[in-house]
Amino acid sequence: MYPAYQMAHVGVKGLLFRADRLLILHRRDDLNLVPGLWDLPGGGVETGETLEGALDREVREETGFRVRVGPPVHAWISHHPLRTGGIHESTIVCFECRLRATGEPRIDPGEHSEFAWVSSRDLARYPMPQGIRDSVRKGFATRRNGGTRGR
């Protein structure tokens, strides 16, 4: 007998650096059960999309930026509580990205209320879900260690 089948929800997040600072987005408090959390650009993968294609689309929708999606940095399973009760489980893959633009992001007010470019020293001031925080730490560590091989 085979184990029970369950549909997998997959999301992608991007680490967008400018010099030694990382772009983070403040989630709108009315969209969260836990107000005040910061996030990375990204979102859900739609049917027929590659992970890289989904991330490029999501970053463009949320920030106006085009990116070159690089290698994955971190992955985790997110258990996000729903307002209606229950838990939404997703597999999230976080990628290193290269910005193809300058200037400031044009954030989507439907999802985020503000943005910040943060250094690794500033991270403690920005509350984030654990999976995001782990990805951010790994992203900064990768940069300190000379980047990812194969670029």
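Sequence positions, counted from 1, serve as the residue numbers for this chain. Given the structure is predicted, the values throughout are model-derived calculations rather than measurements.
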With side chains defined as the heavy atoms from C-beta onward, is the minimum distance between E111 and R28 less than 4.5 Å? no
| said: What I want to check is whether the side chains of S90 and H9 have a donor and an acceptor closer together than 3.5 Å. | reply: no
Output yes when D56 and R60 qualify as a salt bridge under the 4.0 Å nitrogen-oxygen rule, no when they do not. yes
Rounded to the nearest 0.5 Å, the SG atom of C97 sits from the NZ atom of K13 at a distance of 12.0 Å
Tracing side-chain contacts under 4.5 Å among Ile, Leu, Val, Met, Phe, Trp and Tyr outward from W117 reaches V10, V12, L16, L23, L25, V45, L51, L55, V59, F65, V67, V69, V93, F95, L99, I107, F115
| field | Side-chain ion pair, R57 and E46, N-O less than 4.0 Å | value | yes
If we only count heavy atoms from C-beta on, is the V136 to V118 side-chain gap below 4.5 Å? no
CG of L22 to OH of Y126, rounded to nearest 0.5 Å, is 11.0 Å
Output for pair (W38 CH2, I132 CD1), nearest 0.5 Å, gives 13.5 Å
- Decide yes or no for D29 and S113: does some side-chain heavy atom of the first lie under 4.5 Å from some side-chain heavy atom of the second? no
Flag the pair L123 / F140 as yes when at least one side-chain heavy-atom distance between them is below 4.5 Å, and no otherwise.
-> yes
| Hey, does the side chain of N145 reach the backbone of A141 with a donor-acceptor pair shorter than 3.5 angstrom? | yes
Side chains of S135 and W76: closer than 4.5 Å at any heavy-atom pair?
yes
Between I77 and E89 the two heavy atoms that sit nearest each other are CG2-CG, 3.6 Å
Does R100 have more than 12 heavy atoms from other residues, nucleotides or ligands lying within 6.0 Å of its CZ? yes
Distance col, row R106:CZ vs E104:CD, nearest 0.5 angstrom, shows 11.5 Å
side-chain contact (heavy atoms from CB on, under 4.5 Å) test vs P41 passes for just one of L15, T63, I24, namely T63
- Less than 4.5 Å apart, any side-chain heavy atom of H26 and any of H112? no
Q) Salt bridge between R143 and D20, side-chain N to carboxylate O under 4.0 Å? A) no
Distance col, row E61:CD vs E58:CD, nearest 0.5 angstrom, shows 5.0 Å
d(R27 CZ, M128 CE) to nearest 0.5 Å is 10.0 Å
